[in-house]
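I have placed the structure first, in the form of structure tokens, so that the comments after it can refer back to it.
If you read the sequence from its start, that first residue is 1, and numbering goes on from there. As the structure lists them, so they are numbered: ligands from 1, and atoms in each ligand from 1.
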Amino acid sequence: MRRTKMRRTDPGGITSNQILGIFGTGYAGLVTSVCFAELGHTVTAIDKDHDVVARLSDGTPTIHEPGLQELLTGNLESGRLRFTTKAEDAVVGSDIVFLCVGTPPRADGRADLCQVEEVARTIAPLLDGYKLIVEKSTVPARTAYWVDWTIRRLAGPNREFDVASNPEFLREGTAVQDFLKPDRIVIGADTERARSRLLDLYRKGFHCPIVATSVTTAELIKQTANAFLATKISFINMVSDLCEELGVDVATVARGVGLDPRIGSHFLNAGLGFGGSCLPKDLNALITVAEDNGVDVAMLREVERINTARVERLLAKVDRALWVLPQKVIGVLGVAFKQDTDDIRGAPSLGIIPRLHSAGAIVRVYDPAAAQNIQKLYPPNDRLAYVASAVEAARGADALVILTDWDEFRSLDLGGIRSLMRTPIIVDGRNLFEPARMRAAGFEYHSLGRGEATLRTVPRRVPV
Ligand SMILES: NC(=O)c1ccc[n+]([C@@H]2O[C@H](COP(=O)([O-])OP(=O)(O)OC[C@H]3O[C@@H](n4cnc5c(N)ncnc54)[C@H](O)[C@@H]3O)[C@@H](O)[C@H]2O)c1
């Protein structure tokens, strides 16, 4: 499968395509691969997982991501995209090699860079002329230094290459749109040659600001962005707890605050907190980098502590609503860390489902896309079942617990659901409904930070 250099003009206006090798076909790598192919580039994507490569080569997406199927099929058919397990197919003859492999958290909170290091070792002996090697994986600042060091050590002195950073800001659930229409592109390069190659790659087809900077700066931008997003969420969740005490609705507070353009309304949704494969891990990795460098990041540790406490807060609400849990039937709606993805990494459901189960509840779980993934971690048993719909989860339930903000849950037939439940109790970790509407629909409805007190209804509390 050796690639011959072939440049052409595509209908989308790209005057010259690039030949790209992409390591890793997970959430970031697969979207990167199909989107660059869609933009007219010739892409060889490599994964070490043979099953994943076989399915993708067959046109079957291995992740749930809106819009992915069409781009995968179209670009396989056009011949601009192919998948392989052989590293040389992706490296030999390519202009740019992207690293999109995983950087999962280690037990001590640091990023595990084994996959990145393995790719560096793999690429080194395959270099055939100048090669631009680009980190797209999210990595701690100065990782590129070690990638460069590893390749230089193993490739010998005459190999020509640069290591650059081009962090990826796509969000699962809207990843294809985010990739094709980003709000900014960050290019970190320490040589003119690397910078101009990357600028060239992004010159056509993208209409957003490009931040061209040093490699280490680019690495830090990505982790700082995720730490800031995490901070916003923990901040509003802290306010949410105060809202509950004061009888105030946090959603209204967030709206009143977020309309200030200096603050912005995004990521001000109170609820169960942040999860997923990026925010918790990138926050943690930034904390460890900072502490290693003697910088006080107690504020970020607090962001993390507030987030972890959200799961306890929700479980306390379930306890209070049901009093005793053994033999109570609890329908769980949603296990993905957010809507429109099947990703459960870092999802609050991973903390909540085993706790409900070990407390003796009979748990019935429904998720439109992620049930298969969670079943691998928690196989069904006599008190844990995976059902095919929200209606099935609600049938005979003593309570429904909402853990993911799927649109499907927002548009449930509430009357139908209520009539199926043994007791119409909903504990909503995502604040999907208006409390007044839920009461009117006959539910006992618990959400997070949604007080509705007026001056006449709030008991006066004497400060002590
Ligand atoms: N998931 C996201 O939304 C997202 C967004 C932006 C950035 N990122 C970053 O992108 C990186 C990848 O994230 P992901 O969610 O796609 O991870 P992932 O775990 O879904 O995918 C990683 C893939 O790399 C493959 N792989 C591992 N070692 C390999 C090797 N030596 N050669 C070839 N393939 C190899 C694995 O088999 C796997 O398919 C991470 O650093 C992540 O932080 C992810």
Side-chain angles (χ1 to χ4, degrees), residues 21-35 44-56 61-66 68 83-91 97-106 110-124 126 133-141 143-144 147 150 165-179 182-186 218-219 221-223 225-227 229-230 274-286 336-347 370 373:
I22 295 182
F23 277 77
T25 62
Y27 290 84
L30 181 55
V31 173
T32 299
S33 301
V34 299
C35 288
T44 302
I46 163 174
D47 204 289
K48 61 198 284 191
D49 187 323
H50 288 253
D51 182 46
V52 163
V53 168
R55 286 167 62 199
L56 291 173
T62 42
I63 56 172
H64 175 92
E65 194 57 54
L68 187 68
F83 297 93
T84 179
T85 53
K86 293 202 196 83
E88 55 267 37
D89 295 341
V91 178
V97 174
F98 281 95
L99 272 60
C100 295
V101 291
T103 50
R106 293 189 339 195
R110 284 162 210 278
D112 180 345
L113 298 172
C114 288
Q115 295 180 33
V116 173
E117 198 251 6
E118 187 185 340
V119 176
R121 278 191 285 112
T122 306
I123 291 172
L126 297 172
I133 295 149
V134 182
E135 300 169 339
K136 229 182 206 316
S137 299
T138 304
V139 291
T143 299
V147 172
T150 305
S165 165
N166 169 218
E168 183 48 61
F169 297 99
L170 63 79
R171 299 159 297 172
E172 287 173 26
T174 51
V176 170
Q177 273 309 304
D178 290 345
F179 189 97
D183 39 31
R184 84 289 210 193
I185 291 164
V186 173
E219 291 172 331
I221 284 171
K222 171 66 190 182
Q223 284 197 322
N226 277 357
L229 292 172
F274 56 84
S277 65
C278 293
L279 260 53
K281 120 176 132 56
D282 297 343
L283 174 68
N284 246 307
L286 184 62
F337 83 94
K338 65 172 187 173
Q339 70 162 334
D340 284 334
T341 181
D342 59 351
D343 199 350
I344 56 165
R345 292 175 290 182
N373 285 338

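- Scanning for salt bridge (Lys or Arg N to Asp or Glu O under 4.0 Å) contacts around Glu65 gives an empty result, with sequence neighbours left out.
- Within the 4.5 Å cutoff, the side chain of Thr25 has no heavy atoms near those of the Thr62 side chain.
- Under the side-chain hydrogen bond (donor to acceptor under 3.5 Å, both in side chains) rule, Thr103 has a single partner from Arg110, Gln115, Lys281, which is Lys281.
- Annotation: side chain to side chain contact (heavy atoms under 4.5 Å, CB included) contacts of Ala28 (sequence neighbours excluded): none.
- By the ring-ring contact (aromatic ring centres under 6.0 Å, His included) test, Phe98 is found to be paired with Phe36, residues two or more places apart in sequence or in another chain being considered.
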Show me a pair-per-line table, with atom names and distances to 0.1 Å, of protein N or O atoms that are under 3.5 Å from an N or O of ligand 1.
from, atom 1, to, atom 2, distance (Å)
ligand 1, 1 (N), Glu172, OE2, 2.8
ligand 1, 3 (O), Glu172, OE2, 3.2
ligand 1, 15 (O), Arg345, NH2, 2.8
ligand 1, 16 (O), Tyr27, N, 2.9
ligand 1, 16 (O), Ala28, N, 2.8
ligand 1, 19 (O), Arg345, NH1, 3.3
ligand 1, 20 (O), Tyr27, N, 3.4
ligand 1, 34 (N), Lys48, N, 3.4
ligand 1, 37 (O), Asp47, OD1, 2.6
ligand 1, 39 (O), Asp47, OD1, 3.4
ligand 1, 39 (O), Asp47, OD2, 2.6
ligand 1, 41 (O), Thr103, OG1, 2.6
ligand 1, 41 (O), Thr138, N, 2.9
ligand 1, 43 (O), Thr138, OG1, 3.4
ligand 1, 43 (O), Lys281, NZ, 2.6

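- Shown are Val52, Val53, Asp89, Ile22; of these, the side-chain contact (heavy atoms from CB on, under 4.5 Å) with Phe83 is made only by Val53.
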